There are 2 protein chains.
Amino acid sequence: MNAPASSRDKILDVAEALFARRGYAGVGLREVADAAGLGKSSLFHHFRGKTELYCEVQTRVLERFRDRLESVLAEPHSPMRRLERAIEEMIDGLAEQPTTARLLLRSLFEDDNFEGKDLPEFEHTDKVLAGIIGRVGAFLEEGIAEGVFRPVSVGDTVQSLIGSIVYHFASADVGEGIVGGPLFSAESVARRRREVVELFRHGLAARPGPA
Amino acid sequence: MNAPASSRDKILDVAEALFARRGYAGVGLREVADAAGLGKSSLFHHFRGKTELYCEVQTRVLERFRDRLESVLAEPHSPMRRLERAIEEMIDGLAEQPTTARLLLRSLFEDDNFEGKDLPEFEHTDKVLAGIIGRVGAFLEEGIAEGVFRPVSVGDTVQSLIGSIVYHFASADVGEGIVGGPLFSAESVARRRREVVELFRHGLAARPGPA
DNA sequence: GTCTATAGTGAGATAGAC
DNA sequence: GTCTATCTCACTATAGAC
């Protein structure tokens, strides 16, 4: 990984690691500052407050994820081949940076921390997330229209993909107990790729395909 | 749905709702006490502290879930039929009590809140969770041994089932955006049952089965 | 079994020197 | 751009009256 270019990037890096582990409410700015090698007050020179810091961490992660995903969905392959490529690319992306899956999962179900607040900061973040979801949905629609995928509920299939791909790499200790070994080792990631690809290849195919 | 029988149960009920929404670190005991109609200090008469309260909430939820799951896995049907029944039963259980999925998901990836502590309180909770996971794994092994399911990785399949079933009902606002409507309405739950059952029926079948 | 009062700690945030 | 000092507030938890 690249060394952070500025104090700002250093703060974002250590905050990403901490928020991934313990969530928004579970992390104090004191801890972020210590890990970044700064005083607590210095954080407020770079970010207006804790929510803005969290928002920027989330946006960075979402944009990273989106860029990888869009590049493979744009490839000139059949829908089934692109589905496989997309699953593999998403899994590889999550496997390379262990913080990503946990932050993504938190962005998907931890909105309630910010219920009472106005938060225009999150508009862009939400737009990026909505873009990713819309892109995957449109891809599935294509595949159904071409008769490659069964006429599934697109929304539910997106949910199952998120569950199978993102949750897995966010599950940490419990996940390691379930699969009986590390989640991020090369073998474990390769096995996960095979298993998820096969589940959805068989699960979505309009007709029983070749093994 | 039953009215709480005691102050203790009332506290557990309101704490369950709050922890489900905002997690361990995001909830203060002041808020729990207010929602239960008690003074803050009264909580300490019923629970030794915040972690014990959280632990008991989690244990209640896990045991509820385990009991429903074990009853259907014990039914005298074929593995494929029992898989369908188990998926439907788990989905129905999560749909009936909207707090359950979020707490389960938190128990799966929020251990890091308690890293520094000793916590003998969580031994029983962890055992219940391990029992559930082991039970599902053993069931999948059976189905593979009988040649009904493909020779999948059992651990990865458990992870995909959790992702498809638990994550979905924990995804709240974002999930509603993805499926384009409420998650807990009767139609939405029925559709989710069909979709997940079909995904795993096709996805796990050893040979292309009947539609 | 519930209350008031309070201890003790740490949170997020601000002011202003350097 | 980083610091020290400080403000205000909320937190978990305890002590002890009723």
Side-chain angles (χ1 to χ4, degrees), chain A residues 3-58 106 110-122, chain B residues 3-58 106 110-122:
Chain A
S6 63
S7 282
R8 194 169 189 283
D9 292 335
K10 175 74 178 170
I11 295 167
L12 284 169
D13 288 348
V14 301
E16 179 174 321
L18 288 166
F19 284 136
R21 267 191 213 290
R22 290 200 298 281
Y24 177 80
V27 173
L29 293 184
R30 166 72 184 270
E31 203 177 357
V32 176
D34 286 351
L38 292 172
K40 208 182 14 162
S41 307
S42 302
L43 302 186
F44 291 89
H45 180 78
H46 300 280
F47 305 94
R48 261 182 308 206
K50 190 186 181 184
T51 61
E52 187 178 287
L53 172 59
Y54 186 71
C55 176
E56 297 216 22
V57 166
Q58 285 286 13
R106 291 189 187 282
E110 217 166 48
D111 327 7
D112 295 346
N113 290 69
F114 311 100
E115 264 176 345
K117 319 189 181 186
D118 36 349
L119 298 176
E121 307 123 284
F122 276 90
Chain B
S6 64
S7 282
R8 194 168 190 283
D9 293 335
K10 175 74 178 171
I11 294 167
L12 284 170
D13 288 348
V14 302
E16 179 174 323
L18 288 167
F19 284 136
R21 268 190 210 290
R22 291 200 298 281
Y24 177 79
V27 173
L29 293 184
R30 166 72 184 269
E31 203 177 356
V32 176
D34 287 352
L38 291 172
K40 219 185 354 168
S41 307
S42 303
L43 301 186
F44 291 89
H45 180 77
H46 300 280
F47 305 93
R48 261 182 307 207
K50 190 187 181 184
T51 62
E52 186 178 285
L53 173 59
Y54 186 71
C55 176
E56 297 215 20
V57 167
Q58 285 285 14
R106 290 189 189 282
E110 217 167 48
D111 327 8
D112 295 346
N113 290 69
F114 311 99
E115 263 175 345
K117 320 189 180 186
D118 38 349
L119 298 175
E121 306 122 285
F122 277 90

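All figures in this text were calculated on a predicted structure; none of them were measured in a lab. Here is the naming used below: chain letters follow the sequence lines, and residue numbers restart at 1 for every chain.
Rounded to whole Å, the distance from NZ on A:Lys10 to P on D:dT2 is 13 Å. Spacing between atom CZ of A:Arg8 and atom C1' of D:dT2 amounts to 17 Å, rounded to whole angstrom units. The CG-P distance, from B:Asp34 to D:dT12, rounds to 12 Å in whole Å. When the C1' atom of C:dT2 is taken as reference, atom NE2 of B:His45 falls 9 Å away, rounded to whole Å.
Within the structure, every pair that satisfies the side chain to side chain donor-acceptor pair (under 3.5 Å) test and touches residues 29-46 of chain A, not counting sequence neighbours, is listed here: A:Arg22-A:Glu31, A:Arg30-A:Asp34.
Ionic pairing of B:Glu56 and B:Arg8 is present here: one or more N-O contacts between side-chain nitrogen and carboxylate oxygen are shorter than 4.0 angstrom.
The side chain of B:Ser7 contributes no N or O atom lying less than 4.0 Å from OP1 or OP2 of C:dG1. Note on A:Ser42: a side-chain N or O is less than 4.0 Å away from OP1 or OP2 of D:dC3. For the pair A:His46 and D:dT2, the criterion of a side-chain N or O lying under 4.0 Å from OP1 or OP2 is met.
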side-chain contact (heavy atoms from CB on, under 4.5 Å), that's the test. Do A:Phe47 and A:Val57 meet it? Break it down for me. CA-CA 11 Å; A:Phe47 305 94; A:Val57 166; over 6 Å; no
For side-chain contact (heavy atoms from CB on, under 4.5 Å), just list the numbers for B:Tyr24 and B:Thr51, CA-CA rounded to whole Å, side-chain angles, deciding distance to a tenth of an Å, and then say yes or no. CA-CA 8 Å; B:Tyr24 177 79; B:Thr51 62; 2.9 Å; yes
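The CG atom of A:Leu18 lies 10.0 Å from the CG atom of A:Leu53; values are rounded to the nearest 0.5 Å.
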Which letter, B, S or -, goes with each nucleotide of nucleotides 5-18 of chain C from 5' to 3', with contact meaning a protein heavy atom under 4.0 Å? B-----SBBBB---
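Shown here are the side chain to side chain contact (heavy atoms under 4.5 Å, CB included) partners of A:Ala20, two or more places apart in sequence or in another chain: A:Thr99, A:Arg102, A:Leu103.
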